[in-house]
Asks: 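Below is a structure I'd like to ask you about.
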Amino acid sequence: MTAVEQSPLTLPGATTPLLQLDRLTLGLRRGGREVRIVEDVDLTVGAGQRVGLVGESGSGKSLTLRAIAGLLPAGVEVLGGGIEYAGEDLLRMPAKRRRALAGPDIAMVFQEPMTALNPVMRVGDQIAEGPRRHLGLSKKAAADLAVQLMTRVGIPDPERRARAHPHELSGGLRQRIMIAMAVSCGPRLLLCDEPTTALDVTVQLQVLRLLEQLCADTGTALVFVTHDLAVVTQTCTDLSVMYAGHIVETGPVADTFTRPRHPYTRGLLESAPDFDHPDRVLVPIPGFPPNVADRPAGCPFAPRCGYVQPHCTEAPPPLAEVAPGREAACYETHRLGEELPA
Amino acid sequence: MLERLRFVPGRLLQAVPVIFGVTVVVFFMVHLLPGNPALAILGQTATEDRVAALNHQLGLDQPLWKQYFTFLGHLLTGDLGTSISYQRPVSELITTAIPVTLSLVVFALVLALVLSIPLAGIAAGRPGRGRDLAVRAFTLVGQGMPQFWVGIMLLLLLAVKAGAFPVGGYGETAGSHVYYLFLPALTLAIALSPQIIRSLRASTINVLGSDYVGTARSKGAAGISLFRGHVLRNAAIPTVSIVGVNLGYLVGGSLVIEKVFAIPGLGSLMINAIFSRDFPTIQAVALVVALFVVVVGILTDVVYTFLDPRVDLSAKERA
Amino acid sequence: MTTTAVATARRAARRPARSRSLRPWYRNGTLVTGLVIVGLLVLVAVLAPWLAPYDPVKQDLQSALQSPSGSHWLGTDKYGRDVLSRLIWGARVDLRVGFLAVLIPFVFGSVMGALAGYFGGWFDAVVMRVVDVFFAFPFYVLVIVLVFVLGAGEKSIYLAIAAVSWGSYAKILRGELLVAKKQDWVVAARLGGMSHARVLGRHITPNVLSQALIYGMSDIVMDILAIVTLGYLGLGIAPPTAEWGSMILDGQEFITTQWQQATIPGLAVVVTSLGLSFLGDGLSDQLSPGRRS
């Protein structure tokens, strides 16, 4: 039996993670030059683990996700590194094998359900498509499964709704359809690209709870891309922070939030409003993230960092373990906990 | 499902003033002739008595508006007049000619789609690359070729040189009709394809870049199943209007093609009527063709409604 | 009038440029190719009296139906006329008539469409209905009948084509005007007290004409195809004037023996259309990049 067919959770002492990104570098090739958008990204996701990938717009988090899903936009290539799923090389496997994984193993929930759903196809059929292709279900069986899934994700009156087209449903319902579609073949890894950003705040919480519950029930691993820290606390157990195409910090969510080990993470926390402490002064991070084309030579955060030292601009700090289960890419990580220089 | 067609009666109502306008144009087409139509029919050598008699017979001595209403009245009873050259009711001539032209047009449409859909798909698959450029070159050249000349070239290559197809005519049985209509239909298809390819290619490129195709790919769809299941129907939507508009142009083109291939349809009827100055027939054919275009327009909207569930044409009618 | 309104109106007087291509025209490959082809054709047409080796209408029955040879590069037709000379002189006719035929529908259609779009109301409704009536007739049906009714000849061709094609310009301009009149700078101009005429004439027109111009290029192609078709049907420019369409008609009789007589004039039309298409596409890229349908 290959590693793919046996769940790592049942293997005693299994060490093969479900998903492993190894120094992944993504970018464009422009006439002999390389423009790197995502650089040297390491990411490990174990079975059933829920990992958040946090960063602001332009940090490269969505692109990283798309690389895992095999949906890189035209022009963007893998410039270096690798992605392994349950020990198999995702980037070099034959296309047919990759397609066989899309659905039963790796599934994706997109950000904007209005454009991510086929406007001319009934939503029930769209949910049923995966099971028909991958699980070999008949049309009727797949349709029944679709209705069941719709009930599972909390859509009222599913038989009638299954015959609707996307534009007839509200944003929240559409996103639930997307989720139903994604879990329809029982994937082991669910990739979510800011699935709640386009939704009303009230609906966001419901959808997040749904995702959390689904993953907990089925043991599905989750990679959740977002720019919203609050969302991460809700759904994920672990977290990786991205800045300017690099991973700058990883660790369990709670610990990372109480004791950040990277200046950028600390800056994010200090600039984010917190309903539990409404009187806390918000401290914005000065400056702007660098343009993809002019990333600085050393640490990418150096120009905006309050802890910067001369050696920070020479070479980018590697992502290193700074405490058990915690990694940070910073030369000055030991100084976090100091007050920032005025 | 049928409730989606609620807009049709409204659309038909909207078509009425257009049809009226058409009858006016058709009527005045003939009366624009300088001089006397009767004289034109009989020729310069006719005697005054004969001219006056024909004048009276054709009702040409009535005031113009009265003539128009007589004309309209006849139309509503299905009387299209008597052909001057054949001395038979025009409606008879038209009813024999319509199926011929209709078969030609439908055949041409089918061939055009068979030609265009794969070519557009190939071009859209890798825009900017070799295959795309080849297809676009084909459309550019295709748009610049006179239709009748294409017909003559096909005749030359496939009928005269290769002897694979007949040089003209319509054939006797239903089966042989297809055989005889192939070259003319192909000619029309070549003329129609560039427009379809351009539109379909553009919308396919659009669709391929859309998010929902990304979703489909994340479910493992690819190749033909992706194309058929997700791309084609969405890409076809804007193209349907293009096809509908060009169908009218196609009928006009068939006029000339029928002459090239000696096909006994509306086109030949019209052309012969023109040369023999057979006014009733000219008017009748023009009218029938215009009606066809109007009907095609409504049918296009119907197809459009069924293709795109987001569209609700009935709602617009109320606005 | 407040100072702000005056200032806004003054700003409106400086017309905003529609997005133009950043590339200079001479770097636009399509445009240059089009210009070269059309330029060469126009040159040939203009220099016909000097380029053509023979008189295009002079008959020489003894030399009829000769194959291409040293003295007659493309052979002779059934009346002994040199095909090459007729081809060169035919360019004069077809190009001239093609270019001229666009003018009336362009002007008339654009004006009607612009007025319909700008003023709206009943005028708009009436104009659009009339356009619909004309559109109900397939292009060739109406052209053929009108030419027949008006009598064969150049003037009839202009009139028939004008009647059939003005509608497209009207629709284009109407669409453009509907969008343009809502633009802030137009509203500001009107607020500044400028009359409708001034706003339309000096401000809106230069911006919206480009679309009509681009369509006009493809319309020239359509017109040339129509003229050639009319010539083929015997309804075009009267013989013995050399014209590509009637040349194809003459040549069709001898398709088996002298196939080049029917083929070459058609190729000439194709080349002309290609040149004009490139010119039109290049112009479209130049004037409004990304807008080409």
Side-chain angles (χ1 to χ4, degrees), chain B residues 14-15 17-22 24-26 29-34 137 140-141 143-150 152-153 155-156 160-161 167 198-199 202 245 247-256 259-260 266-267 270-271 273-275 277 282-283 285-286 289-294 297, chain C residues 30 129-151 159 163-164 218 221-222 224-235 244-245 248-249 251-252 255-256 259 262-263 265-278 281 292-293:
Chain B
Q14 272 187 348
V18 174
I19 298 179
F20 257 114
V22 163
V24 169
V25 171
V26 163
M29 258 199 269
V30 165
H31 291 267
L32 274 182
L33 259 190
L140 258 183
V141 172
Q143 277 178 301
M145 302 194 287
Q147 286 183 26
F148 68 92
W149 180 78
V150 173
I152 294 175
M153 292 297 108
L155 260 183
L156 174 63
V160 174
K161 297 258 167 166
V167 174
R198 279 180 78 152
S199 168
V245 165
L247 221 49
Y249 195 72
L250 194 66
V251 172
S254 71
L255 231 72
V256 186
K259 176 166 196 290
V260 174
L266 287 175
M270 170 75 111
I271 304 251
I274 283 182
F275 282 108
R277 313 183 84 83
I282 298 175
Q283 285 180 309
V285 173
V289 169
L291 278 175
F292 175 75
V293 170
V294 171
Chain C
T30 330
R129 281 274 156 269
V130 173
V131 168
D132 280 341
V133 168
F134 276 96
F135 273 7
F137 293 95
F139 184 81
Y140 279 110
V141 171
L142 208 48
V143 167
I144 290 173
V145 172
L146 279 175
V147 167
F148 156 66
V149 160
L150 297 166
L159 274 167
V164 168
S218 66
V221 174
M222 279 246 289
I224 293 186
L225 289 177
I227 294 161
V228 171
T229 310
L230 286 170
Y232 172 76
L233 292 172
L235 291 168
W244 291 337
I248 301 180
L249 176 65
Q252 191 181 0
I255 195 93
T256 41
W259 57 268
T263 317
L267 286 175
V269 176
V270 175
V271 170
T272 312
S273 309
L274 270 178
L276 286 165
S277 298
F278 279 132
D281 279 353
R292 201 195 324 166
S293 55

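Lettering follows sequence order; numbering is per chain, from 1.
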Asks: Measuring heavy-atom distances to chain B, does Leu233(C) have an atom under 4.5 Å in its side chain, in its backbone, in both, or in neither?
Replies: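 Looking at Leu233(C), backbone and side chain both touch chain B.
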Asks: Looking at Val18(B), Val289(B), Ile274(B), which makes the most heavy-atom pairs under 4.5 Å with chain C?
Replies: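 The candidate making the most pairs under 4.5 Å is Ile274(B).
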Asks: How far apart are the closest heavy atoms of Val22(B) and Val133(C), and which atoms are they?
Replies: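 In this case the closest contact between Val22(B) and Val133(C) is N-CG1, 3.7 Å.
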Asks: Okay, side chain of Trp149(B), backbone of Ala262(C): is any donor-acceptor separation there less than 3.5 Å?
Replies: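 Here the side-chain-to-backbone pair exists.
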Asks: With a 4.5 angstrom heavy-atom cut-off, is it the side chain or the backbone of Val141(B) that approaches chain C, or both, or neither?
Replies: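 For Val141(B), backbone and side chain are both near chain C.
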Asks: Output the distance between atom OH (Tyr140(C)) and atom CD (Gln147(B)), rounded to the nearest 0.5 Å.
Replies: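 It comes to 6.0 Å.
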Asks: Taking side chain as everything from C-beta outward and backbone as N, CA, C, O, which of these in Leu247(B) sits under 4.5 Å from a heavy atom of chain C? Side chain, backbone, both or neither.
Replies: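 For Leu247(B), no heavy atom lies under 4.5 Å from chain C.
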Asks: Need one label for Met145(B): side chain, backbone, both or neither, based on atoms under 4.5 Å from any heavy atom in chain C.
Replies: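 Met145(B) touches chain C through backbone and side-chain heavy atoms alike.
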Asks: Mind ranking Pro138(C), Ser273(C), Gly251(C), Gly234(C) by heavy-atom pairs under 4.5 Å with chain B and telling me who comes out on top?
Replies: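 Most pairs with chain B among the choices: Pro138(C).
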Asks: Any side-chain heavy-atom pair from Ile255(C) and Leu155(B) closer than 4.5 angstrom?
Replies: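 Of all side-chain heavy-atom pairs linking Leu155(B) with Ile255(C), none is under 4.5 Å.
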Asks: Which atom pair, heavy atoms only, marks the closest approach of Leu225(C) to Gly144(B)?
Replies: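 For Leu225(C) and Gly144(B), the tightest heavy-atom pair comes out as CD2-O, 3.6 Å.
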Asks: Below 30° counts as parallel, above 60° as perpendicular, anything between as tilted: where do the rings of Phe148(B) and Tyr232(C) land?
Replies: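 The arrangement is parallel - the two ring planes meet at less than 30°.
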Asks: Counting heavy-atom pairs under 4.5 Å to chain C, which of Val256(B), Val24(B), Ile19(B) comes out on top?
Replies: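 Of the candidates given, the most pairs with chain C belong to Val256(B).
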Asks: Are any non-hydrogen side-chain atoms of Val293(B) and Phe137(C) less than 4.5 angstrom apart?
Replies: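 Sidechains of Phe137(C) and Val293(B): no contact.
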Asks: For a quick test of reading the model, state the closest non-hydrogen atom pair linking Gln143(B) to Val221(C) and the distance between them.
Replies: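 Scanning both residues completely, I find the closest heavy atoms to be O-CG1, 4.4 Å.
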Asks: Go through the atoms of Val260(B) and report whether side chain, backbone, both or neither lie under 4.5 Å from a heavy atom of chain C.
Replies: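 Both backbone and side chain.
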Asks: If we define contacts as heavy-atom pairs under 4.5 Å, which of Leu276(C), Leu274(C), Thr263(C) has the most with chain B?
Replies: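 Heavy-atom pair counts peak at Thr263(C).
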Asks: Taking atom OG1 of Thr229(C) and atom CG of Leu255(B), what is their separation to the nearest 0.5 Å?
Replies: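 Between Thr229(C) OG1 and Leu255(B) CG, I get 11.0 Å after rounding to 0.5 Å.
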Asks: Between Phe135(C) and chain B, with a heavy-atom cut-off of 4.5 Å, which part of the residue counts as in contact: side chain, backbone, both or neither?
Replies: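 Just the backbone, heavy atoms under 4.5 Å.
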Asks: May I ask you to name which of Ile144(C), Ile224(C), Leu142(C), Thr256(C) has the most heavy-atom pairs under 4.5 Å with chain B?
Replies: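 Option with the top pair count is Ile144(C).
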Asks: Which atoms of Leu140(B) come close to chain C, meaning under 4.5 Å heavy atom to heavy atom: side chain ones, backbone ones, both, or neither?
Replies: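 Both parts, backbone and side chain.
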Asks: Side chain, backbone, both or neither: which part of Leu267(C) has a non-hydrogen atom closer than 4.5 Å to chain B?
Replies: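 Contact with chain B: backbone and side chain both.
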Asks: Where does Ile282(B) contact chain C at under 4.5 Å (heavy atoms): side chain, backbone, both or neither?
Replies: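 Side chain only.
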